[in-house]
Amino acid sequence: MKLEVDAYFETDLGAAYLGDAAELLQSVPDESIQLIVTSPPYALQRPKEYDNVPPEEYVDWFMPFVHELHRVLCEDGSLVVNIGGSWNKGQPTRSVYPYALMMQMTEVFHLAQDLYWFNSAQLPTPAEWVAVQRVRLKDAVEFLWWFSKTPYPKADNSCILKPYSKSMKKLLQRGDYNEGPRPSGHDISQGFATDNNGAIRPNFLLCGNTASNGLYMRRCRELGIRPHPARFPKPIPDLFVRFLTDEGDLVLDPFAGSCLTGAVAEALDRQWLCFDIVEDYLLGGALRFDIDLTGGAVDDADRVQS
């Protein structure tokens, strides 16, 4: 899909647009998007370069987007929002803004499931309470709220199975699964020994975010482009695109940053739209599609590196 406004860059499957998401969303037709995967600016006490909103203002800032995202989403579509937590200013106590936002959003959407991303490479933050006074644990888990317009959105977890553990592979080979009741009260049938080509994933995602010298960062440095400072790792959009869409479906990221969601969608033969208000971020994002808007040469064809 192409919008009526001019694209900043485009491919055969999608397009990126420079501008305020609140305005660009108005150009998106009703019920045209199958999946929205996005990581809006976090609510942080310390300002970042991408104009984050403080926690006490965040819900009021984000809810107008929620209503627009509901409008453009297909009836069986999904919205996945990556939200980071925050600490109350000057105190070793947590802000409850993510939960307040989730509760507000459930007045518009169904909460299909709450998922959690554990960043195994997270630095010990907040430094004052974790590394200096040592009165808290490091903050290394972020929220992934999965919302839907209907209680039964399009979804197929067989598309994102993970490899069986070594012990499960041995059990399947032996075929002597010990069925029957467990101390927990669960009654395990022989069906648990069926080989389904992989295990069902939990709602806890373990992946680091250490691609400081990946292809995207190297290209940005070579061409003098300011990279996005808070990219999420490829496995996150990859999982949701595989799980919640089919080939040809349309995926949107209204706070696209480096356009990783669009690049993942393109690699999986989905259509895509990406919006961002910072031109440098889209300049870097174009490199994921082998598009150099600076006049230089892009040689590496691996598009979806972080």
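Positions are given from 1, in the same order as the sequence printed here.
- The residues R71 and E68 are annotated as salt-bridged, a charged nitrogen and a carboxylate oxygen being separated by less than 4.0 angstrom.
- Taking each heavy atom of L25 and V72 in turn, the nearest pair found is O-CG1, 4.2 Å.
- Salt bridge R94/D139: present, at least one basic N to carboxylate O contact under 4.0 Å.
- Ring geometry for Y99 against F143 counts as perpendicular: the plane angle is over 60°, on a 0 to 90° scale with 30° as the lower cut.
- H110 has its ring centre no less than 6.0 Å from the ring centre of F147.
- The backbone N or O of V141 sits nowhere less than 3.5 Å from a side-chain atom of W117 that would complete a donor-acceptor pair.
- Smallest separation of non-hydrogen atoms from A15 and E10: CB-CB, 3.8 Å.
- Taking all atoms of both residues into account, the shortest heavy-atom contact from Q34 to L73 is O-CD1, 3.9 Å.
- Judged purely by atom type and a 3.5 angstrom limit, S165 uses its side chain to pair as donor or acceptor with the backbone of M168.
- The closest donor-acceptor contact from the side chain of Y17 to the backbone of A7 lies at 3.5 Å or more, if one exists at all.
- Remark: aromatic rings of F255 and F275 are distant, center separation not under 6.0 Å.
- Heavy atoms of other residues, nucleotides or ligands lying less than 6.0 angstrom from OH of Y152 number 12 at most.
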Apply side chain to side chain contact (heavy atoms under 4.5 Å, CB included) to residues M1 and L273 and explain how you reach the verdict. CA-CA 8 Å; M1 173 188 288; L273 295 172; 4.2 Å; yes

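- Counted by atom type alone, E266 and T11 present one or more donor-acceptor pairs between their side chains at under 3.5 Å.
- Ionic pairing of D246 and K154 is present here: one or more N-O contacts between side-chain nitrogen and carboxylate oxygen are shorter than 4.0 angstrom.
- A salt bridge does not link R270 to D249: none of the charged side-chain nitrogens sits closer than 4.0 Å to a carboxylate oxygen.
- A pairwise comparison of heavy atoms in L206 and S120 identifies CD1-CB, 3.8 Å as the closest pair.
- Looking at every heavy atom in both residues, L3 comes nearest to S27 through CD2-O, 3.7 Å.
- For K149 against H70, the heavy-atom pair with the smallest separation is NZ-O, 3.0 Å.
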